[in-house]
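Structure, as structure tokens:
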Amino acid sequence: MGGGMTVMEEKVAIIEALIFASETPLTAERVMEIMPGAEKKEIVSLVGELVRQYGQRGGGICLREVAGGFQFQTRAELAPWIRKLKAVRPAMLSPAALETLAVVAYRQPLVKAEIDRIRGVDVSGALKGLLEKKIVRIVGRKDVPGKPIIYGTTRKFLEVFNLRDLSELPTLRELKDLHE
Amino acid sequence: MGGGMTVMEEKVAIIEALIFASETPLTAERVMEIMPGAEKKEIVSLVGELVRQYGQRGGGICLREVAGGFQFQTRAELAPWIRKLKAVRPAMLSPAALETLAVVAYRQPLVKAEIDRIRGVDVSGALKGLLEKKIVRIVGRKDVPGKPIIYGTTRKFLEVFNLRDLSELPTLRELKDLHE
Amino acid sequence: MNYEIKLDIFEGPLDLLLYLIRKNEIDICNIPIALITEQYLAHLGMMHSLNLDLAGEYLVLASTLVHIKSKMLLPPAEGEDEDEEGEDPRAELVQQLLEYQMFKEAALGLEDRPLLERDVFTRGAPGEAESAAEEEAMIEVGIFELVEAFRRIIAGLDHPEQLAIDAQKLSLADRINEIMDRLSEEKQTTFAELLGETADRRRIVYTFLAILELMKLRMIRAFQVGPFGAIRLFLSVEE
């Protein structure tokens, strides 16, 4: 097979692609199922060669034996950079946050009790997250006993969803038209 | 940096790891946010070197420019093996969905009535499927009576169809016969 | 007859028409309209007899074809100038067909690309050395997901009709947000100030409705000094 930049043997390329695309660590047994004719001994030796290549190369990724199979991973020493990559993901919302946001967006201005009622759960957590992300804000307070807080969306909400104003939000009727 | 098995420069290793770990194609801008001090020109040239290395190596994975960023992918010729691994039939778009998508991709931004007109059928169902798959999105509303919704393609469209950007779409066959 | 198998794979009336043109090896710019109309209607009849759902668009095109055919049979009307005489009744349909054909080809072009999850695959496993998967599942959202989420919620409610959205309500929310912004900054304002320089009729109406809504919600209070005095607005509850 030879190291370095020499063109790789097709069998090795297939194994490399399989390991890369597999959602779980890829075992030699699984490779045998996919590539009939390949013997376990041969597969193990080819994978070993790949592991050695990636190790020597000292790049950002390495091939490791995990849970009885093989998996590509970023090199452990580079973890701080990867954590930085994963840290802030703008405009990402959990389904619970999305539903809460939908209620606020379409029913604003409204109090938390109303969002709880519509969603059928206590939305405290989701609401807090949306306030922290500055997608939802406190619009004001209601002059009734308890002075409940009224919520609404922010300018950032419009930016995140690329809207000029709230009236650009699609209506349910328009959605229904798409359902036919 | 040098080719082959020589040990890689740390900066290139970090970029390689970031591209590998990123859930979506990684842009040079994102790398700059993560690695302050790195200049865009430098990043682009280092990534270019990586692309060249993977290309020369002829392994199972390659580094490609997609949706304005970089992404590792399995080599297209190895698809039959990966499909065997995944044991699922690829979720293909129906011809109706593909035609609708083609109209949106080339004529965007546009309203549904225009897609209906070009395809000669009501595209509600196909359009909704594309919206659900996040290949098409609502861009805004047209400032005409009725304020119809305007549609366009998403970043995911570029990812799914392996396009660097919209300008990489093949040009439409000339409409020379059309206007005399 | 051998077209049965083709029936359910037409993407619409234009697609059927293109098929007939190709099958007869006809120049798209010079369609023998009588022949094509006859074959088109035969297909429709067959689809009907097979109880296939005939979308309305197929019938619309059928009537267009019949109309073009009758127009072509008529001798040029008396006194028509040359321009009109030169007008081919098929021109519009031909243009539509060419445009559709172009996008049909573009669709095939898209399908030929190396498609994600069909031809090329990305990393399958979580790629970090130490899995950072402790966060809750995150999704990226667009407006469609937002309205779809809202639809899901209200579909499960007892009285969904109370929750129907209309564009009016949303325009109102815009104005309410603006008014509350202003009040939290300036503590008080007037109706005239809220309208600003623009005297857009819609803006006046929505501003007025927003004030009424805010008063109903007991979020603001309005005072007027004298019958034609300025309407002053205050927050009901100081923050």
Side-chain angles (χ1 to χ4, degrees), chain B residues 17 20-24 61-62 64 66 71-79 82-83 85-86 88 90-93 95-96 98-103 105-107 116-122 128 131-132 134 136-138 147 154 156 159-163 169-170 172-175 177-179, chain C residues 9-18 27-29 55-58 60-61 64 91 93-124 126-129 132 138-148 167:
Chain B
F20 177 79
S22 177
E23 300 295 325
T24 51
I61 44 187
C62 57
R64 293 185 59 156
V66 182
Q71 187 173 53
F72 282 109
Q73 293 183 347
T74 56
R75 239 171 55 209
E77 307 87 89
L78 304 177
I82 314 294
R83 281 202 288 263
L85 167 78
K86 304 244 168 182
V88 281
M92 266 312 299
L93 294 174
L98 270 172
E99 282 183 17
T100 305
L101 179 59
V103 176
Y106 281 94
R107 283 283 159 88
D116 285 345
R117 187 192 64 74
I118 292 174
R119 286 204 50 222
V121 291
D122 177 18
K128 181 162 179 275
L131 282 163
E132 278 170 354
K134 296 184 185 182
V136 162
R137 69 186 180 113
I138 293 166
K147 290 202 158 195
T154 60
K156 194 181 164 196
E159 289 178 28
V160 169
F161 286 87
N162 243 301
L163 294 157
L169 278 173
L172 284 178
R173 196 169 51 86
E174 281 297 302
L175 274 175
D177 324 280
L178 258 170
H179 312 286
Chain C
I9 63 164
F10 294 120
E11 300 306 329
L14 294 174
D15 198 24
L16 170 54
L17 210 51
L18 275 184
D27 175 10
I28 200 167
C29 295
E57 295 98 352
Y58 281 96
V60 172
L61 186 61
T64 304
L93 181 64
V94 168
Q95 173 145 348
Q96 208 183 351
L97 275 173
L98 285 172
E99 192 179 22
Y100 173 67
Q101 190 181 40
M102 182 176 74
F103 283 108
K104 212 174 152 56
E105 281 170 17
L108 293 175
L110 280 178
E111 206 187 5
D112 280 345
R113 297 195 56 81
L115 292 196
L116 193 64
E117 300 288 304
R118 185 190 68 180
D119 307 308
V120 299
F121 297 82
T122 55
R123 167 174 59 77
E128 297 94 279
M138 303 281 259
I139 52 162
E140 203 174 337
V141 290
I143 313 172
F144 176 72
E145 286 73 41
L146 189 73
V147 57
E148 181 66 26

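Everything numeric here is computed off the predicted structure, so don't read it as measured data. So that the names make sense, note that chain A is the first sequence line, chain B the second, and so on, each numbered from 1.
In this structure, Leu17(C) and Leu93(C) have side chains that are in contact, with non-hydrogen atoms separated by less than 4.5 Å.
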Should Phe161(B) and Leu101(B) be marked as a side-chain contact (heavy atoms from CB on, under 4.5 Å) after you check the CA-CA gap, both sets of side-chain angles, and the distance that decides it? CA-CA 11 Å; Phe161(B) 286 87; Leu101(B) 179 59; 3.4 Å; yes

Could you walk me through whether Glu99(C) and Arg117(B) pass salt bridge (charged side-chain N to carboxylate O under 4.0 Å, His left out), step by step? CA-CA 10 Å; Glu99(C) 192 179 22; Arg117(B) 187 192 64 74; 3.3 Å; yes

For Phe72(B) and Thr122(C), what are the C-alpha separation, side-chain angles and deciding distance, and is it a side-chain contact (heavy atoms from CB on, under 4.5 Å)? CA-CA 6 Å; Phe72(B) 282 109; Thr122(C) 55; over 6 Å; no

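Residue Pro95(B) comes nearest to Glu11(C) through the heavy atom pair CB-OE2, 3.2 Å, listed as atom of the first residue, atom of the second, then distance.
Among Arg137(B), Arg83(B), Arg75(B), Lys147(B), the residue with the largest count of heavy-atom pairs under 4.5 Å with chain C is Arg83(B). Note on Ala79(B), Ala105(B), Pro170(B): by heavy-atom pairs under 4.5 Å with chain C, the leading option is Ala79(B). The choice from Gly12(C), Pro114(C), Ala106(C) that makes the most heavy-atom pairs within less than 4.5 Å of chain B is Pro114(C). Between chain C and the options Leu93(B), Thr74(B), Leu98(B), the largest number of non-hydrogen pairs under 4.5 Å is found for Thr74(B). Among Ile143(C), Val60(C), Leu61(C), Leu110(C), the residue with the largest count of heavy-atom pairs under 4.5 Å with chain B is Leu110(C). Between chain C and the options Lys156(B), Arg64(B), Gln73(B), heavy-atom pairs under 4.5 Å are most frequent for Gln73(B).
For chain C, no part of Thr154(B) is nearby; none of its heavy atoms comes within less than 4.5 Å. Only the side chain of Leu14(C) comes within contact range of chain B, judged by heavy atoms closer than 4.5 Å. Contacts of Glu132(B) with chain C are made by both backbone and side-chain atoms, with heavy-atom separations under 4.5 Å.
Residues forming a side-chain hydrogen bond (donor to acceptor under 3.5 Å, both in side chains) with Glu111(C) (at least two apart in sequence, or on another chain): none.
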